Enquirer: 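Handing you this structure, nothing more for now.
Throughout, a chain's letter reflects where its sequence line sits, starting with A, and its residues are numbered from 1. Please read all numbers here as calculations on a predicted model, not as lab measurements. Below, all heavy atoms of this structure are taken into account, side chains as well, without hydrogens, waters or symmetry copies.
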Amino acid sequence: MAFGKGHHLHLIDGSAYIFRAYHALPPLTRKSDGLPVGAVAGFCNMISRYVDGNGSSKDAPTHVAVIFDYSSKTFRNEIFPEYKANRPPPPEDLRPQFPLTREATRAFNLPAIEVQDYEADDIIATLAREAREAGGRCTIISSDKDLMQLVGDGVEMFDPMKNRQMGLAEVEEKFGVRPDRVVDVQALAGDSVDNVPGAPGIGLKTAALLIQEYGDLDSLLARAAEIKQPKRRQTLIDFADQIRVSRDLVRLKDDTPLPITLDDLEVRDPEPEALMEFLTRMEFRTLTKRIAERLKVEAPAISADMAASDDHAPPPDAEAAAPFDHTAYVTIRDEAVLADWLAAALEQGFVAVDTETTSLDEMRADLVGVSLGLAPGKAAYVPLGHVTGGGDLFGAAVRAEGQMDVDRALALLKPVLEDPSVLKIGQNMKYDMKILARAGIRVAPIEDTMLQSYAMHAGLHGHGMDLLSEQYLGHIPIPIKTLLGSGKSAITFDKVDVTEATRYAAEDADITLRLWQKFRPQLHLAHVTTVYETLERPLVPVLAEMEMAGIKVDRDVLSRMSNAFAQKLVQLEEEIHHIAGKKFNVGSPKQIGEVLFDRMGVPGGEKGKTGAYATGADVLEDVTTLEDSHPQGALLAARVLDWRQIAKLKSTYTDTLQEAINPETGRVHTSYSIAGANTGRLASTDPNLQNIPVRTEEGRRIRQAFVAPEGKVLLSLDYSQIELRILAHIADIPALKQAFREGLDIHAMTASEMFGVPIEGMDPSIRRQAKAINFGVIYGISGFGLARNLRIPRAEAQGFIDRYFERFPGIREYMDQTIAFAKEHGHVRTLFGRRIHTPEINARGPGAGFARRAAINAPIQGTAADIIRRAMVRMPDAIAGLPATMLLQVHDELLFEVEAGAVDETIAQVKAVMEGAAHPAVHLDVPLVVDAGRGANWSEAH
DNA sequence: GACATCACG
DNA sequence: GACGTACGTGATGTCC
């Protein structure tokens, strides 16, 4: 029967329960692995008492739901970015418990509802309205005064803290007005906890008086001029807009899009088995026993040494988990079996997912199969695109037997992979998300074991699955080579026998699930939960979108350049052979060295450790200065440098980029490694679009091939001097910070401070030297390095450095402290808490020098990387309404494609996000400044 | 697959 | 006193 008259809906404010439970109980951890579970225990206790209470109540609900906040970010942040901005982030040991409280809710057979971009209060408002309109009753179980606006017409509140019913009378007592005017009073009074501004100087009492007198907020604002008290009158006139925004913030949205209807919320009997499973998994001894008695079932045994305890002993290293048994993996060949596995995933709220394809290039790969992992040792493979070995008479691929229809399988997978209540766990999920997105499935929400490892172990080792499995599970996975072979004879995954494929693919899902279970409780022990949750995990869908968008590249521009380069190379080659007096391979550094230093007798050749002459650009540049003593050598060196520049541009850029254009999209799709660079930077591969030439005129022309489609414009926004600003902040250098605040030329300022020359009319070479020193500091400067960079005597370079340290003593201090910290802890941290390990810091020999400089550089480079990561995570929401797409990231630059009409608005939005990216997690003493450029191509925009 | 070289921030 | 030195990446070509 549909929800209506005589029905009674209970809406439980789940988020409030969690925080109350957290603060009411001492820190409690699961004995077996140290997972914090205190809030979960308290939450279960509250829910259990609630359920018991209903059993003995005459007014028991017919329908019930537990409502949660999806995240702290909602549509209200669009209206007013500062909304709830002064709320501290949830404690580290609470964060991992959020998903567990959803699991707990489901274990009690109660629906857990959360909706992205909306607060729990909005969902409550929506369901309360629906219940009211259907003619039923609704009780909101919460102490939150913000919900009082909903009271009336069959909607009541019950305050579980005070254990009392809240009706019209209680609302009027609290706000002085009827529920429908509560938002007006709140809009005027504001709320310092939620950072709702309201009207300055007006509190609850005055607000209530004003609304009583004028009827409602709009009338009050319209007639503000009539108010007698001059100060109050002026405030209402001056802050009218702010008051209206405040009302938008406090007014609950009762048309939130919901994944369920009222009828889905009918009260269900508990399922003892599922509940017992959850409680024992949490290792709650007393609670399990108590609830088992209540349900009249046998309580599963939890041994004393397994029970949750509040000691903080680290989780044991030994693996008690199921062994890896490849024969236990299941091949799913029909819909019913797949449906069973998916139902189990839905039930438990998480599933490991892995896709198998024909290529590592996600934009060209075809889906071959999907594997699922539910529990250690319990994994399955769904073959979808396997073909038989030989092919038919004409060599065409023949679909292997025993595979279910691809479209049917995808249709079954889609609702679960997109279900907000089911976590999809993957290793490098960006890959699988892109593959599945091309099959029409938008996977969410996700977890990524690669990124969990990166957050905890950056700098210690890589984060590939094989490595993680061996290191943390003590298990060496089946090498992919044994299935595909290697080299020229390698086959693609669709040619692999299904039985073999099942072992490999299901194992991957199994490993991923086990790694997740192992890593999840460890994140907070390493104090990187916030890093993982705010800088790694949310970046995955953002990067996936960017990579799938790609950037348009004009093939003709590149092709013409390639042809011109080819001609030029032939010409240079002939000239070089002529000067040398013999033909040789100009591309071989070894042969260049022999020609130059042995055959032609140029002095100063130095052999490296491999016995070959060094012929790098710096060496050849020195040779070109020998015009007087060795004109032929100087000429040859100059021509080789020219040749190398053109050869580089042609082979790496103008030729290769043409091949990288995707024939289907006509665009180039790079791939970003999120866990590649130890410092938190991204790395771009296949092709690398983070090193497109810009420094020379010739090279810059390649950027003209990166274009916006007809009617659109490319936008480039980049942080100005971000690393130096971070250095000024971290090392706390007053002169540098002041200079950045005043928008001065920082290198000129440095030169002026160091050499005592005025900034006006400064010799450009002085400024250049200061600039080199500024950068040197970021890299962990040495006299030798600076001397080589500036080509000045070492003693002079050392003198510069000494003077720099003298003038800015905070730099020395920062360096010493950073190295000391690294030596003590084995890692350094960025301002956002990212850990970068420095395992070599206590080594002896030259390695220690490298490690020291890397340790000095890492917090600076890493903080800059964190800042742009935050900007990127926030960007999709910030530009959601605009015809703009984020395409590329180049460390301190973001590139967008936008319709010509929306350029200014997009720049304003993007700039605001980038310049404010550190807030509110980190407060910098220096402003972040972003420069913007636009154009038909990347060269113009930059 | 190691090495040298060179493109970027 | 000697040692080897700017930080972080990826792609290409040579050579073994």
Enquirer: Scan A:Tyr653 against the nucleic acid and name what it touches under 4.0 Å (heavy atoms): base, sugar-phosphate only, or nothing.
Expert: sugar-phosphate

Enquirer: If you draw the axis of the six-membered ring of A:Phe565, does the NZ or CZ of A:Lys650 fall within 45° of it and under 6.0 Å from the ring centre?
Expert: no

Enquirer: Measuring centre to centre across the rings, with the benzene-like ring taken for any Trp, is A:Tyr719 within less than 6.0 Å of A:His891?
Expert: no

Enquirer: For A:Leu786, answer base if it contacts any base atom (sugar-phosphate contacts may also be present), sugar-phosphate if it contacts only those atoms, and nothing otherwise; contact means non-hydrogen atoms under 4.0 Å.
Expert: base

Enquirer: Determine the interatomic distance between P on C:dG4 and the same-named atom on B:dC8; round to the nearest Å.
Expert: 30 Å

Enquirer: Using purine N1 to pyrimidine N3 plus N6-O4 or O6-N4 for Watson-Crick, or N1-O2 and O6-N3 for G-U wobble, both under 3.5 Å, which nucleotide pairs with C:dG13?
Expert: B:dC3

Enquirer: Answer with base, sugar-phosphate or nothing: what part of the nucleic acid does A:Gln591 contact at a heavy-atom distance below 4.0 Å?
Expert: sugar-phosphate

Enquirer: How would you label the contact of A:Ile778 with the nucleic acid (heavy atoms, under 4.0 Å): base, sugar-phosphate, or nothing?
Expert: nothing

Enquirer: Within the 4.0 Å heavy-atom criterion, would you say A:Asp718 contacts the bases, only the backbone, or no part of the nucleic acid?
Expert: nothing

Enquirer: Base, sugar-phosphate, or nothing: which does A:Ser782 touch, judged by heavy atoms less than 4.0 Å apart?
Expert: base

Enquirer: Taking the six-membered ring of A:Tyr814 as reference, does the cationic atom of A:Arg812 (NZ for Lys, CZ for Arg) lie under 6.0 Å from its centre and within 45° of its axis?
Expert: no

Enquirer: Considering only atom C1', compute the distance from C:dC3 to B:dA7 and round it to an integer number of Å.
Expert: 30 Å

Enquirer: Less than 4.0 angstrom from a charged side-chain N to a carboxylate O is my criterion; do A:Arg834 and A:Glu536 meet it?
Expert: yes

Enquirer: With a 3.5 Å cut-off and heavy atoms only, can you find an N or O donor on one side and an acceptor on the other between the side chain of A:Arg695 and the base of B:dG9?
Expert: yes

Enquirer: NA contact type, A:Asn691, heavy-atom cut-off 4.0 Å: base, sugar-phosphate, or nothing?
Expert: base

Enquirer: Need one value for A:Ala851: base, sugar-phosphate or nothing, where a base atom within 4.0 Å counts as base even if backbone is also close, heavy atoms only.
Expert: nothing

Enquirer: Would the base of C:dT5 count as contacting A:Arg794 through its side chain, where contact means a donor and an acceptor less than 3.5 Å apart?
Expert: yes

